[in-house]
J.: 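Please read through the structure below; I'll follow up with questions.
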Amino acid sequence: MGDSAICINPKDERFTHLKGKKAIVPLCDRVIPIIEDTYVDMEFGTGCLKVTPAHDINDKALGEKHNLEIIDIFNEDASLNSFGLHYQGKDRFVVRKEISKELEEKGFLIKTEQHINKVGTSERTKAVIEPRLSDQWFLKMEDLAKPALDAVLKTNEVKLFPKKFENTYRHWMENIRDWNISRQLWWGQQIPAFYFGDGHEDFVVAETMEEALELAKFKSGKADLTSADLRQDADVLDTWFSSWLWPISVFGGILEPENEEIQYYYPTNDLVTGPDILFFWVARMIVSGYEYRDERPFENVYFTGLVRDKQRRKMSKSLGNSPDALKLIEDYGADGVRVGLLLSAAAGNDLMFDESLCQQGKNFANKIWNGFRLVKGWEIEDLPQPEASKLGIEWYTAKFNATLLEIEDHFSKYRISDALMSIYKLVWDDYSSWLLEIIKPAYQKPIDKTTFNAVINLFEQNLKLLHPFMPFLTEEVWQHITERTPEEALMVSQWPKTVTVNEDILTGFNFAADIVAGVRTIRKEKNIPMKEALSLSVLNTEKASKEWDTVIRKLTNVDTIDYVDVAVDGALTFRVKSNEYFIPMEGAIDIEAEKIKIAEELKYTKGFLMSVQKKLSNERFVNNAPEQVIAIERKKLADAEAKIETLEKSLASLG
RNA sequence: GGGCUCUUAGCUCAGUUGGUUCAGAGCACCUGCCUUACAAGCAGGGGGUCGAAGGUUCGAAUCCUUCAGGGCCCA
């Protein structure tokens with residue numbers, strides 16, 4: 001009944017004879033054209049498509065192209081209207097059955113076939129949706145969008161993090177369509193349009209009924225209109241049509257554009273939201289900001305990822321796959337859950353939720369607490385500060401400052417998970433595994449006051465870095481360190497300031513750490529318990545500073561470090577750069593095994609040397625690469641050559 | 001269909017302007033330790049030709065092209 005043409009594919013030879021002809025719609029006896037369009041799939045069904053522009057989106061497009069009549073056969077409740085003829089007033093599903101019966105009775109029905117096709121349904125009610133033409137209000141977007149487009153892509157007044165969303169933003173804004181702002185819902189803000197007649201243009205737009213009446217009298221020319229003659233549009237505004245004002249309206253800036261709050265707070269700094277509403281909300285807020293205040297609404301937009309389950313499904317109520325947040329907090333602690341999720345939540349990337357992430361967060365919290373317990377348990381005395389402790393403190397201070405620079409850099413780029421990972425490693429590896437082991441007094445021995453005060457201070461600095469990520473634990477520990485007034489709470493303390501980093505001490509420590517690892521590896525390989533003290537001899541080709549020896553001895557349980565001029569016989573060996581280290585052992589050393597080990601190291605280093613040499617002998621590399629890169633390669637070359645010399649010597653000394 | 005995006009260790013993922021923070025992290029795995037803060041731990045270790053094929057470059061996980069396979073959005 002709503003059909004206004006039959007469409008065939010012009011290439012379809014079966015229907016060549018029908019071109020340019022007309023057809024009669026059964027039951028209503030309407031004459032409709034037979035049109036041709038390649039849109040029709042010849043393989044599907046009969047190859048003849050009936051076109052219903054009023055009730056199908058594709059048919060609507062086809063109808064516009066071929067200038068077809070649009071016949072709306074439905075009432076608003078999906079019962080048939082007068083175009084439904086004798087079915088008028090009946091429900092669509094009832095009519096569907098009755099029509100097929102009538103067609104059959106009158107001999108119009110030739111064949112019935114089953115087809116599977118996609119039918120849109122309401123998400124809430126599951127009702128089958130019938131497309132139907134209606135009048136809607138639109139907001140003209142093109143001019144509005146221009147400043148918002150420039151703000152993100154040209155002037156950078158508004159920055160998106162991560163940057164990749166700028167491409168998506170551009171595509172949307174450059175192809176922007178007018179915004180349909182009317183919704184057929186019973187809740188929301190009613191559209192302030194008032195109709196005074198049946199004509200398409202018989203309306204006025206006004207803030208109040210009184211104003212509308214005045215306007216309507218003027219527009220209609222009827223001075224005797226009353227408010228009873230006016231009918232406000234029943235549609236309400238799209239929910240985003242109020243949301244796009246959010247940055248302004250939270251400060252009352254729409255009704256009172258000059259008020260103190262909005263003058264002070266607008267524009268804000270950061271908006272944190274999900275990438276799925278980049279268009280709906282973020283882009284439109286930027287548009288409204290420039291439109292109503294001539295200024296960006298915010299400076300930065302940080303897009304979080306979506307939390308998904310292990311099967312990559314979105315968390316949803318219907319799937320019931322959302323974790324119970326309170327249960328998680330109970331199991332892993334609020335800070336543990338937070339850290340676990342943040343560690344793997346890079347901006348704009350989805351996060352596969354897994355409880356093991358929270359477990360990691362909880363373990364970290366536990367680590368911090370235990371570190372605090374250790375320090376808090378020490379007895380303090382007025383003792384001279386051991387050399388190792390002094391060095392350890394100096395080194396960690398440098399390390400802390402270096403990491404702080406790193407963290408500031410991450411924060412400045414909104415790389416939140418990277419910032420957290422830097423802190424995680426600083427606290428777990430550098431502070432707990434290295435520093436605390438360096439300064440730890442012997443069992444049941446007191447610690448000197450200088451070191452204690454220094455380590456407490458450093459621990460407090462750690463807590464400051466941790467606080468944004470673990471607010472509860474850190475504040476708790478902070479209050480345990482000493483009595484604090486509310487003004488001295490961690491929450492309101494000063495964030496550490498960046499200072500110049502002592503790079504030399506970091507380099508020196510790294511060398512020492514390599515030596516420590518070397519000794520530990522030997523202990524491990526030869527099953528030498530930590531309790532058994534060792535002695536270490538060094539062939540100091542590198543002329544490495546001896547100042548770290550106290551630290552090395554403490555961390556490896558080495559009694560003495562001897563500096564020797566010739567290789568030590570009957571010893572286990574390892575090398576750091578071109579330095580060779582010897583651990584003399586009672587009993588037989590497996591010389592063959594040592595030789596194999598050294599030969600392997602030699603082979604690897606020679607291969608490495610070759611690759612560096614090749615690079616440096618390439619003229620184009622030397623001519624084109626930056627000075628700094630070449631210098632690095634030269635250093636690699638020198639280091640490798642020195643190491644090879646050492647290895648060859650020790651191989652020779654083993655016979 | 002259009003646009004965007006992703007593919008890196010067994011798993012989940014970082015990797016910023018091409019070059020020493022470049023092949024990484026956590027988990028998992030293997031080995032040894034109940035060492036005196038922490039076994040929810042410590043110390044070692046194995047594991048990836050960075051989706052495939054081309055190209056640009058002195059140099060590519062990184063830039064370009066094509067292909068394959070995922071994901072997101074489409075008012």
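Excluded from the calculations below are hydrogen atoms, water molecules and symmetry mates; all remaining heavy atoms, backbone and side chain alike, are included.
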J.: Using a strict 4.0 Å threshold on nitrogen-to-oxygen distance, state whether A/Asp56 and A/Lys60 make a salt bridge.
T.: no
J.: Should A/Lys614 be listed as having a side-chain N or O under 4.0 Å from OP1 or OP2 of B/G59?
T.: no
J.: Considering every strand and a 4.0 Å limit on heavy-atom distances, what is the contact class for A/Glu437: base, sugar-phosphate, or nothing?
T.: base
J.: Roughly how many Å is it from CZ in A/Phe621 to C1' in B/G59, rounded to a whole number?
T.: 7 Å
J.: Looking at B/U36, I'd like to know if its phosphate oxygens (OP1 or OP2) sit under 4.0 Å from a side-chain N or O belonging to A/Lys440.
T.: no
J.: Using 30° and 60° as the class limits, which term best fits the ring planes of A/Phe509 and A/Trp395: parallel, tilted or perpendicular?
T.: parallel
J.: Convert the base pairs of RNA chain B into dot-bracket notation, remembering that pairs crossing earlier ones are written with [ ] and that bases paired across to another strand are shown as |; include only Watson-Crick or G-U pairs under 3.5 Å.
T.: (((((((..((((.....[....)))).(((((.......))))).....(((((..]....)))))))))))).
J.: Give the ring-plane orientation class for A/Trp369 versus A/His480, where under 30° counts as parallel, over 60° as perpendicular and anything between as tilted.
T.: perpendicular
J.: Quick one: label A/Asn624 by what it contacts on the DNA or RNA (base, sugar-phosphate, nothing), any heavy atom closer than 4.0 Å.
T.: base
J.: Does a side chain donor of either A/Asp429 or A/Tyr424 reach within less than 3.5 Å of an acceptor in the other side chain?
T.: no
J.: Base, sugar-phosphate, or nothing for A/Trp172, non-hydrogen atoms under 4.0 angstrom?
T.: base
J.: For B/G59, take OP1 and OP2 only and decide whether either is under 4.0 Å from a side-chain N or O of A/Asn618.
T.: no
J.: Specify the residue among A/Phe280 and A/Phe364 whose closest nucleotide of RNA chain B lies further upstream toward the 5′ end.
T.: A/Phe364
J.: For B/A43, take OP1 and OP2 only and decide whether either is under 4.0 Å from a side-chain N or O of A/Thr521.
T.: no
J.: Touch check for A/Asn366, heavy atoms < 4.0 angstrom, all strands: base, sugar-phosphate only, or nothing?
T.: base
J.: Is the shortest side-chain N/O distance from A/Trp434 to OP1 or OP2 of B/A43 below 4.0 Å?
T.: no
J.: Does a side-chain N or O from A/Arg177 land closer than 4.0 Å to OP1 or OP2 of B/A75, or not?
T.: no
J.: Just by modelled atom types, is the A/Val236 backbone N or O under 3.5 Å from a matching donor or acceptor in the A/Ser182 side chain?
T.: no
J.: Within less than 4.0 Å of OP1 or OP2 of B/G2, is there a side-chain N or O belonging to A/Asn175?
T.: no
J.: If we ignore hydrogens and angles and just use 3.5 Å, is the side chain of A/Asn366 paired with the main-chain N or O of A/Lys362 as donor and acceptor?
T.: no
